[in-house]
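For this chain, numbers begin at 1 and follow the sequence in order. Computed over heavy atoms, backbone and side chain alike; hydrogens, waters and symmetry mates excluded.
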Amino acid sequence: QNYLGFPYYLRIDLACETQEMSLQAVREAYLTGLQPVVTVIFQEPVHPVRQKPQRLEARLSTAPVLDDGKSPSVASKQLSSFVVSLHSVSKRTLALNLTAAWCVCFPGLAYQSSYSLTPPRQAVSRKAASAGRQRTKELLPSRQKIPEVKPEWKPVSQVPVEVLLLTLKGLIGCSTQFILYNDLCVLTVGADQLSMESCWVGSLGCPQAEFSSTIQDAIATESALFIRQNQLVHQFTGNFSLLPLNTPPSVYWKRVLQGLCVSKLVPVTYPHHGREYFYILGGGWQRGHIYRAQIQDGDVEFTQLLDSEISACLQANGLTHELLPEEGLDRAYQLLLCCTESGAPGAGGWSRADESFHLGAALPKFLPRENGLQQFVMVTGSTQYSDIPLLLRGINFNPFSRVLFLWGNALLCSFDVGFSYMFLTGFPSDQRIKYFTLSLTGEFTFVTDSEQVWWGQERMPTVVSVRPSAAWDAFSSLQSLKGWGSYQCAHSLVTVFYDSEKLLQELVYTVDSAGRGSLVKRRLPVPEILSHYHFSQSPYSSQHTEQSSEFMFERLCPFFSMRVEEAPPPELFSRVQHYRAEPPTVLRSPGLHSISSLAVYQGLLHQLLWLHASYNRPYGDPVHDPTWRWWKNKVVYEDYYFYLASNRLSSGGVYVSMQDYAKVYSSPSTKPLPDRIYLDRGTSYSFSVYLTASLSQTDASFVQETLGQMWLSAGVSDASFILVNIHRQEIIGRAAVLYRVQVSDQGKFPGQALTGQDLMVFTLFLSVVHSELHCYQQTESGLSFQGQEKVPVYIGCPPGRRLVFDVSSTLRHGTKLNKRYFNCPKPDPERPCFYYEDTFYPFFLIQDMVSGESGRFLGSYTFKVVGGGPYSYDNLRNYTVEEVLRYNSLNHSSEMALVWMMADESGRPFNTTEEGFPILQGASSSIGWICQRNSPCTDIPVTGLMAPEFFFLIEVSNSRGVDVSTYCDYALQFVIHVHGLPLDPYRGLFHMLVSA
């Protein structure tokens, strides 16, 4: 039989020098007990509707399988390791990282490592992904000539399919178009041919110099793809089962914006408010028209931005560059690059608040004179300028660091969104930047018209040429010696971009000695390349003897070592939830898995993720863990199951340990600092940076002088929202400097938000003075820079928190103060029950899904009855807004419809909201049920000999200024069962007469 329930598995291969070496390494690892561990990283959708935003990772151990491939012979079988393919509710797999080392030939990988598209035709396997190996497929005909057309890569971080829509006129001709795609859901790379009609041949209102079927622009969003062909825009909606789409998937490409002459599509790289955006720029007679496309759950809405100043800016005389808007996380402006009335370039913004256009500071018409110093050149009235005109082409904005870049034949940056500018040095004025890409982590890369690749860092005053350079020549020569074929062939750059891991990648077109053309994606390790330049430029001294020669290089890095200490566990502030799972133990010898045991593994993992996704109970469990209810009734039999497995008597021939499928609250981390920091109101993150010096002398005065040259600077992108404090301490005896750093929230986040939503992001900068391009360190992913740290800081309500009703504390405290507890005649273990005459003392918990800890909620909140029904949960209905006001608000007390009132016997005054809802305190609150004569819980007909019962739907909320101790908007609804309601006096008299 073929198992069809969970048919997707991933095979983990090793990229050693030869296939035989890889197979041998796998066999040695299995026989010596080594087991690779795969970390599955899940990606949140742009608009989460099925679950609250959260970060989730799962560490899965692989299962050894004797893989026979397509051959039935036993001799052809090979030992492989498989891991099941996972998808959580409303989440997709973003990356698979192999974290356990098998052999020295391949210590770590990610499956997006590299790919190559070459002829002849070779099938791409969809049932397994061979990590680290190049996957091939026919794309281009064999051709000696290297193409000259260079496209742009424009992915969005949330897209399931990364798309590169090539401008292939120089490769294939005008009659054929291809989409190059990287499918992150099924881990495939391929090229599909497009077939669309383009009937627009130009008009007086939309002139077209040359008709072509070439695709000019491509934008990939989470649910749809958009391309521009000539002046037409086409849309294709994907078919993704994990996304809650409101529109059906597309069968054919559909044209949008029928009456608009389109000149350019411009993406917005960062979504917000649960929506993705891009812009459409008009051309021809519609030049100056800007449309904003808004995408959410497959729905696309186009809005025209109207302002006379924008139109005048776009139609100004001498405007020869493109207009590139970008939207930042401040949600205030959409940045535009245009000309002022005098013809000088400038940047402005479209404000959403007043729906108007605001022009920033004007830029000079000419480039500043060279001063030979590697420092920023401020744009001021006293700056001396050359006679070379400033020609700008585009604009980019980093919403994390609030840094704005303008680029063309020069590179400018602004730290205040266009109110002042600075020129970066090191870039020659005879070059023009063709396209510019940001990593959003502080690095940026751009390519010139002559295919030169340049690199820089934010807050570093100069840029560096990566290729061509002497450092690149040395690096490429070393790669050729290692046998990397793409460095041995003649190649031409297609594009550069930063992947989801923020690593710089390049796509090159290579032609080998046989004349075969290939598209190859490979990593561009800038630190390793620039290290060769650093080594060649380091001053040195030499000493020669008859036996040997000694060379001593001067250390340019200001410190010897740098490490982070006294940092809290990273997951507490990165807010990543971790799960771990082990495959079932196969009892038969030699312990290899089969398709049946893999199916058991897949089913257990599916159940584990389902428990995580469905863990939204409003009541707090005795054990705060999503897996507790899975095993709570079987823990007592754990030893018995182990006894059966020890004697090979387990059903199915496999043994499942309850401890192998659990949530991990303290996961190991190789990085001392988290990849991001989340701060709530008034919270802070503290750590220490320890710097040691490299000394040639041990004299105290020399040590103190050396330490005086080691300084650490710290800063934030916006000091009005977060504050960084730094304290320096010199340790003379150890020749070290200790810095204590604290990042604190300033309490300026506007209002409150749901957990993980509407966060504001900033950047923390740490920099050792004079360490730029001088300090390096070896990491698992290769050589990297040291001395420069940039960490995103999010303020708002951190993900992974929730408010729950603490049933245990409520019952315990109520029994103690009421001196009794009357449970329902028919108790329900899933819903708590309370006696009507007893005072109700509610308690609530804040559960941290990341750390596993629970704490008493001590803030302020409102308590409202928003639904109810007599005798049964099935009779419960939601009340209207008017009914909620009548049953809970003190402003409507004259209507005699209140259900409850504060039962504080001390008579202390309490606050109320504008609607009249009482504000309760988490530490001490008491409620008395009153059920006035016009309330829904009065005069309940009796159905038997028992007193009436009622189910109340309670809503607890701390929003709208009720609680100022947190940025989190906690909204909780739960049901309580109240029994022993009194009868109406007239109905009670009637029952007494009838019973008598």
Side-chain angles (χ1 to χ4, degrees), residues 9-38 60-85 96-138 187-189 477-489 510 512-514 516 518 520-523 583 586 588-595 597-598 780-782:
Y9 307 100
L10 301 177
R11 189 181 68 201
I12 306 301
D13 292 342
L14 297 182
C16 298
E17 294 183 3
T18 62
Q19 184 178 6
E20 183 60 32
M21 292 180 59
S22 300
L23 297 178
Q24 182 180 356
V26 173
R27 289 192 295 267
E28 292 179 356
Y30 171 71
L31 294 176
T32 55
L34 295 179
Q35 191 177 26
V37 178
V38 175
L60 311 180
S61 297
T62 58
V65 178
L66 200 59
D67 185 22
D68 57 355
K70 297 183 179 180
S71 176
S73 63
V74 179
S76 64
K77 294 184 178 181
Q78 64 183 32
L79 185 64
S80 303
S81 288
F82 280 75
V83 68
V84 294
S85 181
L96 302 175
N97 294 332
L98 183 63
T99 56
W102 271 11
C103 61
V104 295
C105 63
F106 205 62
L109 60 90
Y111 80 82
Q112 309 101 320
S113 56
S114 63
Y115 62 76
S116 174
L117 301 177
T118 62
R121 180 177 298 274
Q122 298 181 9
V124 179
S125 174
R126 288 179 178 260
K127 69 177 182 179
S130 299
R133 297 183 181 271
Q134 291 186 340
R135 290 162 281 179
T136 62
K137 184 177 180 180
E138 180 182 1
L187 314 184
T188 60
V189 179
S477 299
L478 292 175
Q479 300 305 311
S480 299
L481 291 176
K482 294 178 182 179
W484 290 97
S486 61
Y487 292 92
Q488 299 173 352
C489 306
T510 64
D512 58 14
S513 58
R516 295 192 307 170
S518 305
V520 179
K521 170 194 169 187
R522 63 192 185 190
R523 184 183 171 188
V586 179
R588 69 177 184 274
S589 181
L592 297 176
H593 283 257
S594 62
I595 189 67
S597 60
L598 285 178
E780 293 182 355
S781 58

Checklist outcome for this item: Thr32 and Ala29 have their tightest heavy-atom pair at OG1-O, 3.3 Å

Checklist entry - Do the side-chain N and O atoms of Gln24 and Glu28 include a donor-acceptor pair separated by under 3.5 angstrom? => result yes

Checklist outcome for this item: Taking every heavy atom of Pro64 against every heavy atom of Gly591, the minimum-distance pair comes out as CG-O, 4.3 Å

Checklist entry - Atom CZ of Arg588 and atom OG of Ser597: how far apart are they, to the nearest 0.5 Å? => result 6.0 Å

Next on the checklist: Is there a side-chain contact between Thr62 and Val38 in this structure, where contact means two heavy atoms from C-beta onward sitting under 4.5 Å apart?
Outcome noted: yes

